[in-house]
Amino acid sequence: MPVYLDHAATTPLSAEALAALTRELARTGNPSSLHGSGRRARRSVEDAREALATAAGAHPSEVIFTSGGTESDNLAVKGLYWARSGEDPARRRILCSAVEHHAVLDTVEWLERHEGAIVTWLPVDSEGVVDLGILAAELAGTPDHRARDGHVGQQ
Ligand SMILES: Cc1ncc(COP(=O)(O)O)c(C=O)c1O
């Protein structure tokens with residue numbers, strides 16, 4: 001019997017989530033439309049946004065639906081970088097674990113090449129855990145430069 005272990009890539013939907021998704025997929029309506037079908041679709045989206053925000057301890061305005069992981073990573077990493085460096089051009093440092101998904105690694109490298117980001121790759125141990133001592137030193141501004149040798153990429 002096959003055993004599925006790649007939950008980092010994707011994970012089975014719970015029966016409850018599958019039922020909710022199937023129910024919504026069977027309905028027609030664009031949440032941007034002004035007629036009844038559109039308003040119903042808008043209500044479903046906003047109810048989902050509020051439920052997710054409550055579960056995450058966030059404000060609904062902080063929940064942004066995207067089409068997938070790569071888009072989410074780009075939005076989070078570039079959005080945070082541009083928000084910070086836009087407020088204060090000196091805030092250009094990015095600390096990033098060396099074993100992130102390529103959607104994160106490539107986004108950070110792009111910011112380094114094109115947007116002047118100053119990147120520190122944080123090494124991880126054999127279990128993939130970031131060395132918190134090195135992270136604390138980087139955050140305190142007394143970097144342990146072994147961290148710069150830690151960019152090992154990802155398979
Ligand atoms: C952190 C991370 N980013 C991006 C992706 C890629 O997601 P997508 O194929 O939805 O763009 C994955 C998939 O495993 C992921 O784990």
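These numbers come from a predicted model, not from an experiment. First listed ligand is number 1; within each ligand, the first listed atom is number 1.
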Checklist line | Stepwise side-chain hydrogen bond (donor to acceptor under 3.5 Å, both in side chains) check, Glu115 with Trp82 | finding: CA-CA 9 Å; Glu115 293 289 315; Trp82 282 323; 3.0 Å; yes

All N/O donor-acceptor pairs, side-chain side in residues 25-34, below 3.5 Å, sequence neighbours left out:
unit_1: Arg27; atom_1: NH1; unit_2: Glu24; atom_2: OE2; d: 2.9
unit_1: Asn30; atom_1: OD1; unit_2: Ser32; atom_2: N; d: 2.8
unit_1: Ser33; atom_1: OG; unit_2: Asn30; atom_2: O; d: 3.4

Next item on the list: Could you name the protein residues that come within less than 4.0 Å of ligand 1, counting only heavy atoms, and order them by chain and residue number?
Entry: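 Heavy-atom contacts below 4.0 Å: Ala8, Ala9, Gly68, Gly69, Thr70, Asp73, His101, Ala103.
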
Checklist line | Pairwise ring pair (Phe, Tyr, Trp, His ring centres under 6.0 Å) hits with a residue in residues 23-60, at least two apart | finding: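 Qualifying pairs: none.
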
Item checked: Salt-bridge criterion met for Glu46 and Arg43 (N-O under 4.0 Å) -> no

Could you tabulate the donor-acceptor pairs under 3.5 Å formed by side-chain atoms of residues 10-20, not counting sequence neighbours?
unit_1: Thr11; atom_1: OG1; unit_2: His7; atom_2: ND1; d: 2.5
unit_1: Ser14; atom_1: OG; unit_2: Ala17; atom_2: N; d: 3.1

Next item on the list: Would you check if Ile118 and Ile94 make a side-chain contact, meaning some heavy-atom pair closer than 4.5 Å?
Entry: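 Result no, sub-4.5 Å side-chain heavy-atom pair not found.
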
